[in-house]
Protein chains: 2
Amino acid sequence: MGTKERRQREFEARERLFLDAARKLIRQEGILALQMARLARACDYATGTLYQHFSAKEDLLVALATRRLEEHADYFCQAAAWKAGTRERMFALTVADYNYAQRHPGFSRLLQYAFTEVIWEGASEERRQAMQSALQPPARAVRAIVQDAIEAGDLPDRGLDAGALMLGPWGLSAGIQSMMQTHGLLDGLGIREPGLQLYRHAQFLLNGLGWKPLMDPVDETALAALVQRIEQDVLATDQSKAGPAGNRINP
Amino acid sequence: MGTKERRQREFEARERLFLDAARKLIRQEGILALQMARLARACDYATGTLYQHFSAKEDLLVALATRRLEEHADYFCQAAAWKAGTRERMFALTVADYNYAQRHPGFSRLLQYAFTEVIWEGASEERRQAMQSALQPPARAVRAIVQDAIEAGDLPDRGLDAGALMLGPWGLSAGIQSMMQTHGLLDGLGIREPGLQLYRHAQFLLNGLGWKPLMDPVDETALAALVQRIEQDVLATDQSKAGPAGNRINP
DNA sequence: ATTTATGTTTGAATAAAGTTCATTTTCTGA
DNA sequence: TCAGAAAATGAACTTTATTCAAACATAAAT
């Protein structure tokens, strides 16, 4: 009785088809221009079929964001698994995150939008759950680094929870990148080279946490060298896409 | 020939009326439920009149976010002008920001939404400009603190721009608060008491910047006392609204 | 093989809002 | 008082998300 399972497989394949097509359409014309009927047509299905998969447009957007996060997570976990000191690994996460966002600007915008109340609450509980699940692996990776760091004596054990510790670097990265998304915002405030500043503040924060070995974030040369090393050592999986801007701090 | 100016005044008054009514409607039923026609009706104007003020719904949302930011900015600048050490003043900004967001959850959600690509790009250039202008006073206030700190020797002068320096604390605060907005997200990751963690990481970052006097963010009692002192000394303008939750770190 | 039952797909119809614009009303300055 | 300009109006228009009754396909039973 493999019929049911085959059905299930086909259903999942079609969902991937829809999500891939949605991604393509969004890339071409932006999130705003995505229309459910057009998406269905583009996949040679009726509108109603699309709604068999997604309870609403918001649901589809969260599903797409989740899917893309899963890809990003692989990339991210690679950085976490790097054979290097705990501090370098922690910083590599920031680099991986920022690097990916730079190369896939649509992804960051989608994620930002998906986490908005209007979209998030408009998605089904299952989708939100799926997003939570997709966040678990990277979260575990970060926790692992924090644990390692404490055990190795790189990070003073103050009895703080690993989750609490990772919130800082993650929040910092998310916050600055979110501002960078908003066109003209940082420029209007006279803040230049936000990518460089993100890296610097990530290092300042690690210094503040007492995460050894301490580093001087103002030494731009050393910082750039470190970033480049991380990009070459760790994030070289898809160099094809990286292009010449791949190792610049602030393209 | 004061006719024209009177007209102008009346026009601006009506715009305020629309924005106040929009705020009320959003408070009652959420951003998603805001309808242009209903808003106009609620103010006893025709739909078309509303469009005399706002080029689109997105335009209205950015205008509303800007208006509310201006209110928040006053509150914020108060914290910056506090008579205290530069580090305490800097931290007071985080407290003011978070405190305001806690008391006005709708504001944070609106701001988050407004800075989304879909909304931001849907607003008119003038509205975006107005938002930029509204951001100038708080930005200047932060810059001033940074300058003072460098001059007073509290913060090492590394030749970094004040704008670049403020990006860290601001981004950290914005990022963590943004995550807190997304219902169930941090809980699902096992991160408890995000408000407390925000304060801690803000202090860790200031420590990392070498901003004296250094503080131990793990000492919860001292941190809570500092927060409470800031709330009482600086942010007591509208105690009426503060209520019993006003001085808790993580209500 | 035929029938029944169950599940799936369809796409036209519906409904909900955002936006426009021809018409009406109000206001202004002479 | 009135011509002309400016502003306000709200029904009509447009666009889209969403639904659902009918058609279709598939699996199980006889």
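Computed over heavy atoms, backbone and side chain alike; hydrogens, waters and symmetry mates excluded. So you know, we letter chains A, B, ... as the sequences are listed, proteins then strands, and number each from 1.
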(request) In plain terms, say whether R103(A) and E71(A) are close enough for a salt bridge, that is, a side-chain N and a carboxylate O under 4.0 Å apart. (result)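 No.
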In whole Å, what is the span from the [atom1] atom of [X] to the [atom2] atom of [N]?
{"X": "F54(B)", "N": "dA17(C)", "atom1": "CZ", "atom2": "P", "answer": "20 Å"}
{"X": "Q35(B)", "N": "dG18(C)", "atom1": "CD", "atom2": "C1'", "answer": "10 Å"}
{"X": "M36(A)", "N": "dT10(C)", "atom1": "CE", "atom2": "P", "answer": "15 Å"}
{"X": "L34(A)", "N": "dT18(D)", "atom1": "CG", "atom2": "C1'", "answer": "15 Å"}
{"X": "K57(A)", "N": "dT15(D)", "atom1": "NZ", "atom2": "P", "answer": "15 Å"}

(message) Angle between ring planes, Y100(B) versus H72(B), binned at 30° and 60°: parallel, tilted or perpendicular?
(response) tilted
(message) Can you list everything that forms a side chain to side chain contact (heavy atoms under 4.5 Å, CB included) with A174(A)? Sequence neighbours excluded, please.
(response)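 In terms of side chain to side chain contact (heavy atoms under 4.5 Å, CB included), with neighbours along the sequence ignored, A174(A) is linked to M179(B).
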(message) If you assign S55(B) and R6(B) each to the DNA chain C nucleotide with the nearest heavy atom, which residue ends up on the more 5' nucleotide?
(response) S55(B)
(request) Could you grab the distance from atom CE of M166(B) to atom CZ of R143(B), nearest 0.5 Å is fine? (result) 4.5 Å
(request) Mind checking A56(A) for me? I need base, sugar-phosphate or nothing, with any heavy atom below 4.0 Å counting as a touch. (result) sugar-phosphate
Look for any protein N or O under 3.5 Å of an N or O in nucleotides 6-9 of chain D and output each such pair with its distance, or none.
| from | atom 1 | to | atom 2 | distance (Å) |
| --- | --- | --- | --- | --- |
| dA8(D) | OP1 | R14(B) | NH1 | 2.3 |
| dA8(D) | OP1 | R14(B) | NH2 | 3.4 |
| dA8(D) | OP2 | R14(B) | NH2 | 3.1 |
| dA8(D) | OP2 | Q52(B) | OE1 | 3.3 |
| dT9(D) | OP2 | A46(B) | N | 3.1 |
| dT9(D) | OP2 | T49(B) | OG1 | 2.7 |

(request) Check each of R127(B), R67(B), R9(B) against E15(B) using the salt bridge (charged side-chain N to carboxylate O under 4.0 Å, His left out) test, and report the only one that passes. (result) R127(B)
